[in-house]
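Please read all numbers here as calculations on a predicted model, not as lab measurements.
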Amino acid sequence: MKKTFLSTSILAATLLAPITASADIRINGFANFVAGATTNDDESFNNYTGDIDYSNDSLFALQVSSDINSRMTATAQILARGNNDYNAELEWAYITYAGDNDMTYTAGRFRMPLFAYSASLDVGYSYHWLTAPQLVYDVPYRNMDGLKINKAFSGLGFDYNLALSHGNVSGEALGTDLTVDQTTLLSLEATNFEWTARAVYGFGDVTLDLNSTDPLLQQLSDFNQAVNAYGFAELGSNILVEDDQGTFVGASLFYDNSKIFAGAEFTVTDLENSFTSKDTAYYLTGGYRFGKWTMALTYENFESEGDVNYLDDINELAAIDDFSQQLALFAAGVQAGQISETESITATVRYEAARSTAVTLESNHVNDKLTNDTATLVRLGVSYVF
């Protein structure tokens, strides 16, 4: 069945047309070279300032795959990011086994199937933006070490892909290590000629390492020790991020008839028994293709609630003495301080300059709705696959 909006599990492989190093080894690649700056020297957004930067969103990658036998394939991806001095790192390394009854089994390190564009997240050529919507896709983890099982099937005019993933995840947040152990993700995608719908649910045990120079994490560590001395060990544990269950819920819907396209994606991230708040993010996007040109508008919104929990323990702690009152104020403040609400509007113009090569100009206006701080980021980039 021909599709105008490809499922993300197929998209990355389809776009990276292979060049062969031998009959059995396939070498694919992709790159994004992006220059950008904010329109005012006093503004900053996503590590961009008023000075033109050429590295933040630039990258180069090679993907090597080989058939081990008629059912098994080995894949590795090496990626060098400009914001990491183009140091080459092993991004993916996994083995895939094609089973019977349209079952596929993947083991190793692979991209977490969180979002509609997860599989091709770094491949700028695979979508109409320069980079995927930052307010939704900017999470501190990308890949999973574990096992994924896929089942493909059809019915009611749609092709379906059901995926179950389990493993461990690592990333970085607040300048320290973030781990999500025993992560489980279940996703379902349905696609026909013009429509693609997707839903995902996941959970895992989240820990944030306190061995960091970040001031907030140092304060959390000191707070935990201090409230333990007052006999409030449970409050200290609740404020920390230590083996706390995190959940992720996502849904998306896209329409594409080759000329007109529109879509939306919505996510909710929550972490129980910690100082962090529930985060809700979404984007709406739409555009039009004519000839080699694509024009699109995208609206994004991110909101973190900033609710204060554990009030009974906090009030009881505050009533003991002056120092405990300061600890109670910190416990309430560190939770309330997570409140955030940001929105952005992005205008995109893309031109297919040559085979498998696109030039994209993008203007992104961001507004912090709590402080009324704004920034406008302008970027120009070239994305290609080979």
Side-chain angles (χ1 to χ4, degrees), residues 44-47 49 83-84 134-135 138-142 168-183 203-248 267-281 302-342 366 368-373 375:
S44 63
F45 178 65
N46 277 356
N47 297 318
T49 64
N83 59 14
N84 191 32
Q134 295 294 300
L135 296 184
D138 187 18
V139 294
Y141 34 77
R142 288 173 173 262
N168 298 321
V169 177
S170 61
E172 185 175 303
L174 297 174
T176 192
D177 293 333
L178 174 75
T179 58
V180 189
D181 295 328
Q182 301 303 304
T183 302
F203 58 89
D205 298 326
V206 184
T207 297
L208 192 62
D209 188 359
L210 293 181
N211 294 321
S212 170
T213 58
D214 183 84
L216 175 58
L217 294 180
Q218 290 181 340
Q219 291 172 9
L220 287 172
S221 179
D222 295 341
F223 170 83
N224 185 51
Q225 295 178 19
V227 295
N228 280 339
Y230 278 96
F232 286 81
E234 184 176 355
L235 176 60
S237 176
N238 285 337
I239 294 297
L240 298 181
V241 180
E242 190 172 31
D243 286 331
D244 297 323
Q245 187 177 79
T247 57
F248 180 92
T267 66
V268 178
T269 306
D270 196 13
L271 185 58
E272 297 179 355
N273 300 325
S274 75
F275 71 93
T276 63
S277 300
K278 179 186 290 186
D279 296 337
T280 302
F302 173 88
E303 183 176 348
S304 189
E305 294 180 350
D307 292 339
V308 178
N309 301 309
Y310 327 116
L311 283 175
D312 290 342
D313 285 343
I314 290 174
N315 290 332
E316 186 178 345
L317 176 65
I320 298 176
D321 57 35
D322 290 343
F323 182 62
S324 70
Q325 187 176 41
Q326 295 179 23
L327 294 174
L329 289 173
F330 174 81
V334 74
Q335 297 178 78
Q338 301 303 305
I339 188 171
S340 173
E341 187 172 0
T342 306
V366 185
D368 186 323
K369 299 180 71 174
L370 298 181
T371 64
N372 289 323
D373 290 336

Exam field: side chain [X] to backbone [Y], donor-acceptor pair closer than 3.5 Å:
X	Y	answer
S274	T276	yes
S277	S304	no
D244	E242	yes
N315	L311	yes

Run the numbers on I339 and E305 for side chain to side chain contact (heavy atoms under 4.5 Å, CB included), then give the verdict. CA-CA 5 Å; I339 188 171; E305 294 180 350; over 6 Å; no

Query - Verdict with supporting geometry, L240 and F223, side chain to side chain contact (heavy atoms under 4.5 Å, CB included) - result: CA-CA 9 Å; L240 298 181; F223 170 83; 6.0 Å; no

**Message:** Working note: F248 + T183, criterion side chain to side chain contact (heavy atoms under 4.5 Å, CB included); need CA distance, chi angles, decisive distance, verdict.
**Reply:** CA-CA 10 Å; F248 180 92; T183 302; over 6 Å; no

Drop me the distance from [X]'s [atom1] to [Y]'s [atom2], to the nearest 0.5 angstrom.
X	Y	atom1	atom2	result
D209	T176	CG	OG1	4.0 Å
L178	E172	CG	CD	9.5 Å
S340	L370	OG	CG	6.0 Å

Please evaluate residues F232 and I314 with respect to the criterion side chain to side chain contact (heavy atoms under 4.5 Å, CB included), reporting the C-alpha separation (whole Å), side-chain torsions for both, the decisive distance (0.1 Å), and the verdict.
CA-CA 9 Å; F232 286 81; I314 290 174; over 6 Å; no

Criterion side chain to side chain contact (heavy atoms under 4.5 Å, CB included) against V169, the qualifying member of D181, V180, T179 |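 Among D181, V180, T179, the one that satisfies the side chain to side chain contact (heavy atoms under 4.5 Å, CB included) with V169 is V180.
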
request  = Heavy atoms only: give me the nearest F302-L135 pair and the separation to one decimal.
outcome  =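 Closest pair (atom of F302, atom of L135, distance): CD1-O, 3.6 Å.
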
*Return the minimal non-hydrogen interatomic distance between A328 and A318, and the atom names on each side.*
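Closest approach of A328 to A318, heavy atoms only: CB-CB, 3.5 Å.
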
### Query
Where do N224 and S221 land on the side chain to side chain donor-acceptor pair (under 3.5 Å) test, with the steps shown first?
CA-CA 5 Å; N224 185 51; S221 179; over 6 Å; no

Is any side-chain heavy atom of L216 closer than 4.5 Å to one of F275?
yes

